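To keep things clear, I will list the structure first and then write my remarks on it.
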There are 2 protein chains.
Amino acid sequence: MSVSAPNPRSTPARQQLADSLRRLRAERNWSQEELAARCELDRSFVAHVERGARNISLDNVEKLANAFGVGIADLFLRRDPKGEAGTIRA
Amino acid sequence: MSVSAPNPRSTPARQQLADSLRRLRAERNWSQEELAARCELDRSFVAHVERGARNISLDNVEKLANAFGVGIADLFLRRDPKGEAGTIRA
């Protein structure tokens, strides 16, 4: 499996988180190593999460949000094609 | 420790989730048993999450959100005293 291949075990939530992490890292120009160091997580763990390949715990989602200075909700907001965040209620 | 005592191991994210679960259950008039059954989780697990005493996985957060028909972001939005949801960006 290549690094960019979708992971068959992923879920919509994992994919939303993966997309947000890649977007926020790109905005800040951080490597996976830099993000991992700021969260005190392993780089390989961050790489797996960015592929939707890991069922991450809430405590570690919180570490990632804190590293970026955003709320957890921001990591799971649906984004329209312009990149504007929003949330949808049932 | 009583059921309603704050848990010293909790985190802000766990507490936000706990508050949201209790609020959404109350809005729907669901017992912990009913929520647990809808998610295929144990009632005791749901009780621990509602006390902030468990480091729940993202896959299980997603099951809880799906049971309520809300997005994961909705479970972590900060709420003002009127109960209106909002998110704060750093």
Side-chain angles (χ1 to χ4, degrees), chain A residues 7-25 27-28 30 35 38-41 45-46 48-80 83-90, chain B residues 7-21 23-25 27-28 30 35 38-41 45-46 48-80 82-90:
Chain A
N7 192 290
R9 290 171 301 177
S10 191
T11 71
R14 291 189 196 184
Q15 206 52 56
Q16 259 184 328
L17 177 63
D19 293 346
S20 294
L21 295 182
R22 288 195 303 268
R23 176 179 53 79
L24 288 163
R25 265 203 314 110
E27 285 174 5
R28 285 158 179 73
W30 290 353
L35 173 58
R38 286 170 181 263
C39 301
E40 299 185 336
L41 297 171
F45 177 82
V46 170
H48 278 84
V49 172
E50 287 196 358
R51 293 204 302 274
R54 283 293 288 267
N55 183 18
I56 186 173
S57 74
L58 181 56
D59 287 5
N60 283 336
V61 173
E62 190 171 25
K63 287 183 188 176
L64 290 163
N66 288 343
F68 287 120
V70 302
I72 290 183
D74 293 304
L75 298 177
F76 294 98
L77 291 171
R78 296 162 204 262
R79 304 185 79 80
D80 68 23
E84 296 295 316
T87 184
I88 296 169
R89 290 184 168 280
Chain B
N7 192 290
R9 292 170 301 178
S10 190
T11 71
R14 291 189 196 184
Q15 206 52 56
Q16 259 185 327
L17 177 63
D19 292 347
S20 293
L21 295 182
R23 177 179 53 79
L24 288 163
R25 266 205 312 110
E27 285 174 7
R28 285 157 179 74
W30 291 352
L35 174 58
R38 287 171 181 263
C39 301
E40 300 185 335
L41 297 171
F45 176 82
V46 170
H48 277 85
V49 173
E50 287 196 358
R51 294 203 302 273
R54 282 293 287 268
N55 183 18
I56 186 173
S57 73
L58 181 57
D59 287 5
N60 282 335
V61 173
E62 190 171 24
K63 287 183 188 176
L64 290 163
N66 288 344
F68 286 120
V70 302
I72 290 182
D74 293 303
L75 299 177
F76 295 98
L77 291 171
R78 296 160 204 260
R79 303 185 80 79
D80 69 22
K82 290 178 187 165
E84 296 295 317
T87 184
I88 297 168
R89 288 184 171 280

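Protein chains get the first letters and strands the later ones, always in sequence-line order, with residue 1 at the start of each. Values reported hereafter were calculated over all heavy atoms of this structure, with side chains retained and with hydrogens, waters and symmetry mates removed. Note that the structure is a prediction, hence the values are computed from the model and not measured.
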Query raised in the report: For the candidates A:Ala13, A:Ala65, A:Pro12, which exhibits the highest count of non-hydrogen atom pairs separated by less than 4.5 Å from chain B?
Result: A:Ala13
Query raised in the report: So what's closer than 4.5 Å to chain A heavy atoms on B:Leu75: side chain, backbone, both or neither?
Result: neither
Query raised in the report: Does A:Arg14 pair with B:Glu62 as a salt bridge, N-O distance under 4.0 Å?
Result: no
Report summary line: One option among B:Asn60, B:Asp59, B:Ile72 has the most heavy-atom pairs under 4.5 Å with chain A, and it is B:Asp59
Query raised in the report: Does B:Phe68 offer a backbone N or O that forms a donor-acceptor pair with the side chain of B:Arg28 under 3.5 Å?
Result: yes
Query raised in the report: If only atom types and distance count, is the side chain of A:Arg25 paired as donor or acceptor with the main-chain N or O of A:Trp30 below 3.5 Å?
Result: yes
Query raised in the report: So, A:Glu50 side chain and A:Ala18 main chain: donor-acceptor pair closer than 3.5 Å or not?
Result: no
